[in-house]
Amino acid sequence: MLQKKSVCPYCGIGCGLLVDYEPGNIVKVSPMVDHPTNQGLICQLPVNLPKLFTHKDRLRNPMMRQNDQLMPTSWDKAISHVALELNRIIKDYGPDAVAFFSGAACFSEEYYLANKLMKAVIGSNNVESTSRLCMSSTAMGFISTLGADAPPTCYADMEEADLFFIAGNNMAVSLPVIFQRICAVREKNSHAKVIVIDPRITETASIADIHLQIRPATDVALNNSLAYVLINNGFVDEEFVKKYTTGFEDLKELVQEYPPSRAARITGCSEKQIFETAITIGQSKAMLTFWLQGYNQSTQAVFKNNTLHNLLLLTGNYCRVGAGPLSITGEANTMACRWIGALSHLLPGMRLVSNSRHREEVAELWGTTAEKINPIPGRSIIDIIKGLHSGDIRALWVLASNPAASLPHTEWVKEALSKAELLIVQDIFHPTETSMFANVVLAGAQWCEKTGTFISSERRIQLAEKVIAPPGNAKSDCDIICMIAKEMGFADKFLFTSPEEVFEELKKTTSGRICDANGVSYDRLRNSTGPQLPCPTDDHPGTKRLFENMQFPRPDGRAALLARHFQPPSEQTDGEYPFALITGRMAPQFNTGTRTGRITHLDTTVSTNFVEIHPNDAKDFETADGDVVDMISRRGRVRGIVSIQERVLPGTVYMNLHFGEVMSGEKNTLANLVCNPVYDNYSKQPEYKFCAVKIVKI
Ligand SMILES: Nc1nc2c(c(=O)[nH]1)N[C@H]1C(S)=C(S)[C@@H](COP(=O)(O)OP(=O)(O)OC[C@H]3O[C@@H](n4cnc5c(=O)[nH]c(N)nc54)[C@H](O)[C@@H]3O)O[C@H]1N2
Ligand SMILES: Nc1nc2c(c(=O)[nH]1)N[C@H]1C(S)=C(S)[C@@H](COP(=O)(O)OP(=O)(O)OC[C@H]3O[C@@H](n4cnc5c(=O)[nH]c(N)nc54)[C@H](O)[C@@H]3O)O[C@H]1N2
Ligand code: SF4
Ligand SMILES: [Mo]
């Protein structure tokens, strides 16, 4: 048996994996024991990966729509059609009529190429990735609080912390390896404490010393109240605040409006619990905070992030061993999407399209002029969907994403996709909810069938190499993007013959930036588990923690304490729509389930979607376990089986996001049918975690 080391292609923790293979066949995936991230740990998702390589739905050839049917075709025909149509639409309607949207499962090299083609050559900033749906609020939180989208901590801080503050993150399900590491710390250190903030009694809450079962969308009020108690009870690290932060007086004044008595009314947590939580924070020696979609997928998402940073800064828990914000990203390469600039306002190397110096720097590296790069940020993905409806966007190119299932308000999204003059879907499977709408489907190679790099949540860059050939005529996403660029007439900027050559170019865009990767080469990565960025030179060991000198990349060098008021979510429950719906994840499925849903073993654990409802509400609505109900919002209707659970708050209901029609075989089981396509104004991340619904028995 042959063996190669690799990196997990699912979540953003970046666990090191060993792939056992024989020629043409992936046999087994197991955890690396000597990997600093997972240290021999693994979750169930990658273990089942070998089954994906031989699945009957794997794309082996590109497909084109003929007489309203998608039929296999040759690469020549598919690429020539894509290039002709893109060029026609650009000529007729201008470059802004074209948009690109990707998931975060691809390699950094692939995002780099697509971004270059769109922003440097086509001249459209409408480049988006699922980082928008997942991490744009965290990114804006970091930018506003500390001056750059630069997560400062590392996983090794977990073994040094004595308090874990876990808010809006069900890590026992979604980030099992991180959860296992925290459980191990707790076993070793009886003083280490866990605070969980979640409206549900989650698997993660089962290890909590304090669980605040907060009303959904009210975290800003809670965080302000915790700051109130810290400030008014002498728990502020005054020297730290004075030397390294700005904004204390404004924050102090604002939080006086959030005494625990008021916060208790807003959040539903008790005054005593709020007080006890603040005291626990104040007394801890090293607090590490985790947060994810319970914060990020909300119209107050960036404010939730800012007010959490406030708690760390007030107590001096920033950028020192064991303390600080440890932000874990969702999909494998979300961090790279942010740093490589696969969002509509960004350029590679943590630069902004709106900054003239940044445009000049990138234009020089891209062999073009700064004028070619549009200074106005492009559309967010929700605004791209609006653009398809209005006719401002005519062509959408989707790479490794399934927006027909992952975006909120499914019928509205599907209607938009069907209006596109050109919908290109580049995936590894067909059908997906999105590929069914495509004019052209491009057959991509998946993990282990191509080579490239991932950047993990702790800024570790790692190489995942090709182990077997892709099936049939499928090609790497790098190759496909280059073929399209060449056919459109831009061969000179896409003369790459390997992902390594792309990496060598990409690297140059990071020089002198926080994401500096100039000390990284494929050879170095082959022989190591990868350094943490920045890593500017060949002999640099990488950077475990950022800003240890407490100099922050804001104009005054200080981190900002930000005074942010609480506001309710954009949609309210009322007599007609009495329940607040939360959507989230379960362990055996990943996102829209195009991969995990196809593995029979996993698929059979739960075969249809369910609605968790509190026993009191179930009594009021006369529903029983196993009843089939429809949940109806102001936008749509979704079906599920009732699961009566003490774990949800009365007045809230919970549903998984995973069950699209391809997985369930039914058109009405996807939570996004009812979700709300409104977003946080600062991050443009949608509010997946709150919408008003009613329940009717079927
Ligand atoms: N098995 C598995 N693992 C995954 C994924 C998967 O699909 N399956 N997806 C990956 C991806 S892309 C991501 S982004 C991560 C997501 O990982 P998580 O963010 O942990 O997952 P979610 O279940 O979406 O939401 C987390 C929690 O937020 C809570 N919540 C909802 N509203 C609020 C609120 O207003 N305040 C607070 N404090 N909490 C709230 C929910 O009750 C839920 O328990 O998981 C990654 N890992
Ligand atoms: N209601 C609700 N909706 C949500 C969320 C929620 O909590 N609630 N969470 C949101 C979040 S955090 C996220 S990250 C998004 C995820 O949204 P998506 O990224 O749209 O969902 P995935 O299911 O991960 O889709 C990834 C696609 O990439 C394909 N793929 C995998 N590897 C490759 C490859 O190497 N090449 C190519 N070409 N294709 C590949 C897979 O087959 C799949 O179709 O969903 C969001 N949607
Ligand atoms: S925890 Fe995340 S990175 Fe680690 S094995 Fe599971 S899915 Fe992969
Ligand atoms: Mo995500």
Side-chain angles (χ1 to χ4, degrees), residues 9-13 43-45 52 59 101-107 110 129-135 166-176 196-200 202-205 212 214-219 222 290-298 300 304 328-332 334 398-408 425-429 432-435 442-447 449-450 452 476-477 480 569 580-598 648 652 654-658 660 670-672 674-675 685-686 688-690:
Y10 280 116
C11 92
I13 297 175
C43 75
Q44 61 183 291
L45 296 178
L52 284 187
L59 276 162
F101 178 62
S102 71
C106 283
F107 295 135
E110 297 166 339
S129 60
T130 43
S131 284
R132 182 71 71 192
L133 310 178
C134 192
M135 301 309 295
I166 306 167
N169 174 203
N170 189 8
M171 58 165 63
V173 162
S174 60
L175 312 169
V196 169
I197 320 284
D198 197 302
R200 294 161 60 233
T202 58
E203 296 79 349
T204 310
L212 293 169
I214 191 171
R215 276 192 199 116
T218 61
D219 299 80
L222 174 68
F290 296 82
W291 69 100
L292 205 43
Q293 301 312 353
Y295 266 33
N296 286 354
Q297 294 173 340
S298 127
Q300 273 221 298
K304 288 187 183 186
I328 311 288
T329 63
E331 293 175 286
T334 320
V398 176
L399 165 66
S401 180
N402 191 8
S406 60
L407 292 181
V425 177
Q426 184 168 331
D427 206 289
I428 55 176
F429 282 112
T432 70
E433 285 75 5
T434 308
S435 73
L442 302 175
Q446 68 171 326
W447 176 81
E449 296 167 354
K450 59 180 181 177
S476 81
D477 293 301
I480 298 171
L581 168 67
I582 293 173
T583 60
R585 293 165 160 80
M586 59 196 272
Q589 297 296 347
F590 193 80
N591 291 353
T592 70
T594 48
R595 285 175 286 177
T596 49
R598 283 192 159 91
V648 292
T652 69
Y654 172 84
M655 186 178 237
N656 288 302
L657 71 102
H658 308 293
L670 181 68
N672 273 322
V674 298
C675 289
Q685 182 162 348
Y688 289 112
K689 291 289 186 270
F690 196 104

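Note that this is a predicted model, so its numbers are computed, not measured. Counting starts at 1 for both ligands and their atoms, in listed order.
- Here is the list of ligand 1 atoms found below 4.0 Å of a heavy atom in M586: 1 (N), 2 (C), 8 (N).
- In terms of polar-atom proximity, defined here as any N/O pair under 3.5 Å, T218 makes no such contact with ligand 1.
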Q | Test side chain to side chain contact (heavy atoms under 4.5 Å, CB included) applied to D219 and I214, step by step | A | CA-CA 7 Å; D219 299 80; I214 191 171; 3.7 Å; yes
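- Remark: minimum distance from atom 34 (C) of ligand 1 to any protein heavy atom is reached at G294 O, 3.3 Å.
- Looking at V196, T202, D198 and measuring to atom 43 (C) of ligand 1, the nearest heavy atom belongs to D198.
- The option with the heavy atom closest to atom 12 (S) of ligand 1, from among N591, T334, V648, is N591.
- Considering only non-hydrogen protein atoms, atom 1 (N) of ligand 2 sits nearest to N672 OD1, 2.8 Å.
- Closest heavy-atom approach to atom 47 (N) of ligand 1 within the set S174, S131, P216, P176: this belongs to S174.
- Of all atoms in ligand 1, listed by their number and element, those nearer than 4.0 Å to a heavy atom of A217 are 34 (C), 35 (O).
- Of all atoms in ligand 1, numbered sequentially from 1 with element shown, those under 4.0 Å from a heavy atom of H658 are 7 (O).
- At a heavy-atom distance under 4.0 Å, atoms from both the backbone and the side chain of D427 approach ligand 2.
- For ligand 1, the atoms sitting less than 4.0 Å from at least one non-hydrogen atom of A587 are 1 (N), numbered in the order shown with element in parentheses.
- The shortest N/O to N/O separation between I197 and ligand 1 falls below 3.5 Å.
- Relative to atom 5 (C) of ligand 2, the option among M135, M655, Q297 with the closest non-hydrogen atom is Q297.
- The single protein non-hydrogen atom nearest to atom 31 (C) of ligand 2 is I428 CD1, 3.7 Å, given as residue, atom name and distance.
- Looking at ligand 2, you won't find any N or O of W447 less than 3.5 Å from one of its N or O atoms.
- Contact annotation: for C106 versus ligand 2, heavy atoms closer than 4.0 Å belong to the side chain alone.
- Contact atoms of ligand 2 toward N402: 18 (P), 20 (O), 25 (O) (distance under 4.0 Å to a heavy atom of the residue).
- Listed here is the closest heavy atom pair of P403 and F101: CB-CE2, 3.9 Å.
- In terms of polar-atom proximity, D477 is counted as a contact of ligand 2, with an N or O under 3.5 Å from an N or O of the ligand.
- In terms of protein heavy-atom proximity, atom 14 (S) of ligand 2 is closest to E331 OE1, 3.2 Å.
- Under 4.0 angstrom from ligand 2, the non-hydrogen atoms of T592 come from both its backbone and its side chain.
- In terms of protein heavy atoms, atom 24 (O) of ligand 1 is closest to R585 NH1, 2.7 Å.
- Atom numbering of ligand 1 starts at 1 in the shown order; those under 4.0 Å from a heavy atom of R200 are 42 (O), 43 (C), 44 (O).
- Looking only at side-chain heavy atoms (C-beta outward), E203 and P176 stay at 4.5 Å or farther from each other.
- Under 4.0 angstrom from ligand 1, the non-hydrogen atoms of N170 come from both its backbone and its side chain.
- In summary, the side chains of E331 and T130 do present a donor paired with an acceptor at a separation below 3.5 Å, with no hydrogens or angles considered.
- Atom 2 (C) of ligand 2 has its closest protein heavy atom at Y688 CD2, 3.2 Å.
- The residue from Q44, Q589, H658 that alone fulfils the side chain to side chain donor-acceptor pair (under 3.5 Å) condition with T596 is Q589.
- No side-chain heavy atom of L175 sits less than 4.5 Å from a side-chain heavy atom of F290.
- Here the protein heavy atom with the shortest distance to atom 35 (O) of ligand 2 is K450 NZ, 2.8 Å.
- The part of K304 lying near ligand 1 is the side chain, judged by heavy-atom distances below 4.0 Å.
- Counting the atoms of ligand 2 from 1 in the order shown, those under 4.0 Å from a heavy atom of A445 are 34 (C), 35 (O), 36 (N).
- Of the protein's heavy atoms, A400 CB, 3.5 Å lies nearest to atom 40 (C) of ligand 2.
- Contact annotation for N169 and ligand 1: heavy atoms of both the backbone and the side chain come within less than 4.0 Å of the ligand.
- Looking only at protein heavy atoms, the nearest one to atom 8 (N) of ligand 2 is T583 OG1, 2.9 Å.
- Atom CE in M655 sits 9.0 Å away from atom CG in L670 (nearest 0.5 Å).
- Of the heavy atoms in L399, only side-chain atoms (C-beta onward) come closer than 4.0 Å to ligand 2.
- Near Q589, meaning under 4.0 Å from any of its heavy atoms, are these atoms of ligand 1: 1 (N), 2 (C), 6 (C), 7 (O), 8 (N).
- Ligand 1 has at least one atom lying under 4.0 Å from a heavy atom of P199.
- Here is the list of ligand 1 atoms found below 4.0 Å of a heavy atom in C134: 14 (S).
- Using a 4.5 Å heavy-atom threshold, the side chains of W447 and I428 count as separate.
- Here the protein heavy atom with the shortest distance to atom 6 (C) of ligand 2 is L657 CD2, 3.5 Å.
- Applying the ring pair (Phe, Tyr, Trp, His ring centres under 6.0 Å) rule to F107 yields the partners F454; only residues at least two apart in sequence or on another chain are considered.
- The atoms of ligand 2 that sit less than 4.0 Å from any heavy atom of C675 are 1 (N).
- Ranking protein heavy atoms by distance to atom 19 (O) of ligand 1, first place goes to Q293 N, 2.9 Å.
- The shortest contact between atom 15 (C) of ligand 1 and any protein heavy atom is with L292 CD2, 3.6 Å.
- Contact annotation: for S406 versus ligand 2, heavy atoms closer than 4.0 Å belong to both the backbone and the side chain.
- Applying the 4.0 Å criterion to heavy atoms of K689 picks out, from ligand 2, the atoms 7 (O).
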